[in-house]
Every structure is written in structure tokens, then in C-alpha cells.
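Computed over heavy atoms, backbone and side chain alike; hydrogens, waters and symmetry mates excluded.
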Amino acid sequence: NTGSNPGIAQLLAFGSVLEIEPNFGIQQYFRYLDDLALLNAGVPFAELGIAKRRAESQPAVFMPHNGSFELVTDRGLLKNERLTVPGSVALIRLNGVMTANDQLSTRGIQSVAGDFRAAYGNKNIAAVIMEINSGGGEGIAKDMLVSTLSERNKPVLSFGHFAASAAYGAAAATDEIIAASAESMFGSIGAVITLDNEVLQEFKQRYLSFYGKNAPNKSREFRAAVDGDFEPIQIAANKYTDAFQSEVANLRALRGDKSFQRETLSGDIFNAKESRQRGLIDGVGNLTYVLTRTEVWVKKFAKQNL
């Protein structure tokens, strides 16, 4: 309903093609559009709470203090070894819709990847916890984060409130996945490509595209969709889904027979108990518990490097 929010109409007027995850992702999307509409109406930026939401996504560091850990929210600590206490644990947050680049109120994976690499390079940071509250997003964002996780030289554990689709794909690439509570949700392992049919029809009526004759396959999925043939788009979604599911199966020790595993990878989403039964996660606990698990993994990494 484009009439209910001027932000939607404005975006569609520029011929934007949008791809979002259902449920959680669409909530983030509408909040983003509401922010745009309020800004256009003259509401001061500071009153939108965008800065607060961005601050909540900033990384922090657990530093040892009197036998426990003290959480210090300061991104500079990731890079500043001199101010970081030996044995510290970085906390990097993955919130909202995953995109490659920064958005108005959320940080893109390029920024998150930079935080991971800073933590890797800080000798006083012994491990990293990735706290996740995301329903996924762009496939390329997942691939970027998984690639960054493959570079790690110290343990990385996931602490998940909600980790679905691309966000779960990133979690699967970490050393251990801990659910924050029994109500935490995991899964939605599959790909979705969303097109606005009205935008396709408008594109066909308004634009002419001329492709080089020696590049007949350039943009073939989109060109076919404009002409009403959606099979190439479906094939692309199938290929990415198969690759995504194979990646998760290789990264996680999924439980049960082949039929049970296929159900686990079918795109459904599961609570913490079901996720553990299926091998999607390794345990349930609070941040204190996750910190104790990082100590176990730090010792494992130390033995491997002897």
C-alpha cells in the first residue's frame, strides 16, 4: 500500500528494486521508511533515535576485572592494544537487516568485517562473541561475513536471540552457537528473490535496453522476468538455496537421518530446543555462560598452535 507511507512511493518513483526478508526484515524496512518520511517532513535527525540505534550496534569489549568481566563500549578498544587488558573478549553485534553497506540506522557488513579484523589484530583480545538479532538480508552480505570469519586467528562464538537466513549462515561459520533463551529462533535456511511485478511492467513500458551482441546472457534473469518468464529467476533462487544448504551442512554436524536433515534445511525456523535437537545450535545460556565457553575455546586454540 504505497499510499500509507510516502517513503515507499518515493523509492518506487526512482525505480528501486528491493529484496528483503519476510517478518523481521519487513519490520526493519518499514521503520527505515518511517524514518525517511519523518526526515522529509522536517523532523530533526536527533529526535528519530537513529543515532541511538546505531550506537546500540557498536562493538564493545569484555575486559577482565577482579575475577569477572567488565563490558566497555568503545570501538577504539578493538584497535588499541595498549588500552585493552590481556584476555579480553570482543563483543560484535549483528543487528537488523544484513546489507553489504551501512544504512541509515544499521551498520553494513563491510563495517562489521572491519571490526572483526581489528579484533583479530589485537593480541590482547583472546576471543570474539558475535551477538545476533537478525532475520538475514542480502546473500552477498552473508558471503562477505562468512569469508571474514574464515580469516579468524582466535575463537569466535555466536550468541543468538534471533538468527535466521543469512544471519544463521554467518552463525554457522563460527566455532559454537549459543541461544540466548529457550525462545530464541534459528533457521530459515534458503534463498528468496523478491520482485515487484508492477515495477517490472513499468520498466518494460518506459525503458529500452540495448545489450552488446556478444553478451547475450547479461542480466538474462531480469530480462526474462520483464518479458513474463520467471523460470530463470526461479533457477537462480534454487541454485543459491542449494549452495546455502550445502554450506550449512558442511559447517554444522546436523543430527538425524537424511529425511530429518532435509527438514532442518527446508527453510523452516525452530526454537532453541528444536534447534539443538537438529544440530543447528550447541547450547542455551546467557552472556556469562558464553564467556565461560570462550575460555574453553581459547584453550583449544592454544593447544592447536603449540
Side-chain angles (χ1 to χ4, degrees), residues 57-64 68-73 75 77-78 84-95 98 109 112-134 136 142 144-164 166-187 247-248 250-254 270-273 275-276 278-305:
S57 296
Q58 293 297 319
V61 176
F62 286 101
M63 294 203 288
S68 61
F69 284 95
E70 179 182 1
L71 182 62
V72 181
T73 303
R75 188 182 184 192
L77 289 174
L78 294 179
T84 310
V85 178
S88 295
V89 177
L91 178 67
I92 297 178
R93 299 176 172 103
L94 183 62
N95 294 333
M98 292 172 63
I109 296 305
V112 174
D115 293 336
F116 271 102
R117 293 188 176 106
Y120 297 160
N122 188 330
K123 294 180 181 178
N124 289 330
I125 291 179
V128 181
I129 296 172
M130 180 167 64
E131 186 173 10
I132 306 173
N133 187 25
S134 171
K142 174 191 76 70
M144 290 170 61
L145 186 49
V146 169
S147 177
T148 303
L149 291 166
S150 72
E151 302 169 12
R152 66 188 180 277
N153 56 0
K154 54 195 66 176
V156 178
L157 282 70
S158 290
F159 177 56
H161 305 276
F162 183 57
Y168 181 79
T174 63
D175 295 298
E176 187 169 326
I177 305 175
I178 306 296
S181 71
E183 289 73 35
S184 299
M185 304 294 286
F186 303 86
E247 182 179 50
V248 171
N250 289 330
L251 291 169
R252 297 291 307 178
L254 299 180
F270 308 97
N271 63 26
K273 181 179 180 180
S275 296
R276 192 169 186 179
R278 293 175 179 276
L280 290 174
I281 67 171
D282 302 293
V284 183
N286 57 21
L287 264 175
T288 301
Y289 173 70
V290 182
L291 284 166
T292 64
R293 293 300 301 162
T294 63
E295 295 175 358
V296 174
W297 277 98
V298 168
K299 292 177 181 177
K300 285 185 180 181
F301 268 62
K303 286 182 179 180
Q304 292 172 3
N305 294 326

With Ala179 via side-chain contact (heavy atoms from CB on, under 4.5 Å) - residues at least two apart: Ser184, Phe186, Ala272, Ile281, Val284
Step-by-step side-chain contact (heavy atoms from CB on, under 4.5 Å) determination, Leu91 to Thr73: CA-CA 9 Å; Leu91 178 67; Thr73 303; over 6 Å; no
Taking atom [atom1] of [X] and atom [atom2] of [Y], what is their separation to the nearest 0.5 Å?
X      : Y      : atom1 : atom2 : answer
Thr84  : Leu77  : OG1   : CG    : 5.0 Å
Met63  : Leu71  : CE    : CG    : 9.5 Å
Asp282 : Arg293 : CG    : CZ    : 8.0 Å
Ser68  : Phe62  : OG    : CZ    : 10.5 Å
Asn271 : Glu183 : CG    : CD    : 8.0 Å
Phe159 : Asn133 : CZ    : CG    : 10.5 Å

Lys300/Glu176 salt bridge by N-O under 4.0 Å criterion: no
Between [X] and [Y], what is the shortest heavy-atom contact and its length?
X      : Y      : answer
Arg252 : Ala172 : CG-CB, 4.0 Å
Asn122 : Asn124 : OD1-N, 2.9 Å
Ile132 : Ala171 : CD1-CB, 3.7 Å
Ser134 : Met98  : OG-CG, 3.7 Å
Val128 : Ala119 : CG2-CB, 3.9 Å
Ala90  : Leu78  : CB-CD2, 3.7 Å

Does [X] use its side chain to pair, donor to acceptor, with the backbone of [Y] at less than 3.5 Å?
X      : Y      : answer
Ser275 : Phe270 : yes
Tyr289 : Ile178 : no
Arg152 : Leu149 : yes
Thr148 : Met144 : yes

Stepwise side-chain contact (heavy atoms from CB on, under 4.5 Å) test for Glu131 and Val290: CA-CA 10 Å; Glu131 186 173 10; Val290 182; over 6 Å; no
Indicate yes or no: at least one non-hydrogen side-chain atom of [X] is less than 4.5 angstrom from one of [Y].
X      : Y      : value
Glu70  : Val85  : no
Val298 : Pro155 : yes
Leu254 : Leu280 : yes

Tyr120 and Phe116 aromatic ring geometry - parallel, tilted or perpendicular at 30°/60° bounds: tilted
Salt bridge (charged side-chain N to carboxylate O under 4.0 Å, His left out) assessment of Lys154 paired with Asp175: CA-CA 10 Å; Lys154 54 195 66 176; Asp175 295 298; over 6 Å; no
